[in-house]
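Read through the structure below, which is laid out as structure tokens, and then see the notes.
Below, chain A is the first sequence line, B the second, and so on; all start at residue 1. Keep in mind the model is a prediction, meaning the values are calculated, not measured.
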Amino acid sequence: DAKTTQPPSMDCAEGRAANLPCNHSTISGNEYVYWYRQIHSQGPQYIIHGLKNNETNEMASLIITEDRKSSTLILPHATLRDTAVYYCIVRVFRDDKIIFGKGTRLHILP
Amino acid sequence: DSGVTQTPKHLITATGQRVTLRCSPRSGDLSVYWYQQSLDQGLQFLIQYYNGEERAKGNILERFSAQQFPDLHSELNLSSLELGDSALYFCASSVVASSNEQFFGPGTRLTVL
């Protein structure tokens with residue numbers, strides 16, 4: 001079973017920062033937070049992952065709270081192409097499989 | 001484009017039939033994963049192969065089987081098909097057996113009538 005809780009859907013205006021929350025209150029010390037997204041029935045796409053420090057790459061930023069029980073994925077300047085289902089996943093580092101939950105359906109509004 | 005290819009894109013068949021889905025991983029990737037996405041169950045991990053050997057198993061039915069060939073392509077065989085097997089089937093690949101990032105193919109949409 002997925003170990004994360006995400007809102008089922010969110011809206012964000014184009015050009016604004018999209019902040020997607022995720023709760024993972026039962027996360028273990030050896031588990032990382034990963035984010036993937038799925039654009040309209042395409043294959044999921046890796047976005048970012050982190051353990052306890054904030055992480056940033058060319059796609060997004062990941063902010064993990066100090067107690068590691070929740071995190072936020074930030075898309076700094078959302079575009080219409082960011083409309084997708086975003087999955088927050090808790091996973092032992094480099095575990096073989098990915099356990100997907102229901103994700104958050106992000107709608108970017110023009 | 002992830003570099004992972006899957007064929008066919010669409011497949012329509014009848015209950016009781018058998019089908020084979022094919023996946024070619026990215027060049028250099030040794031590990032292949034299969035996932036099933038249905039409306040009621042969401043995205044579920046089925047099975048993983050690494051360099052020709054089965055490495056991890058998830059919620060894969062006994063009617064389903066998979067293999068990875070010496071050229072590293074993989075096939076997922078689905079038999080005695082039921083209506084509930086209608087789903088998107090994704091293949092993913094990664095360089096090593098345990099990797100931060102899995103690269104997903106475009107999927108095969110299976111419809112069982």
Can you say whether B/L88 sits under 4.5 Å from chain A via the side chain, the backbone, both, or neither, judging by heavy atoms? side chain
Are side-chain heavy atoms of A/L106 and A/L75 found at a separation under 4.5 Å? yes
Taking every non-hydrogen atom, the tightest pair across A/T83 and A/I108: OG1-N, 3.3 Å
Ring centroid separation for B/Y35 and B/F104, is it under 6.0 angstrom? yes
Of the listed residues (A/G103, A/P44, A/G43), which shares the most heavy-atom pairs with chain B below a 4.5 Å separation? A/P44
Do A/R37 and A/Y86 meet the cation-pi criteria used here (NZ or CZ under 6.0 Å from the six-membered ring centre, within 45° of the axis)? no
Contact class of B/Q37 relative to chain A, heavy atoms under 4.5 angstrom: side chain
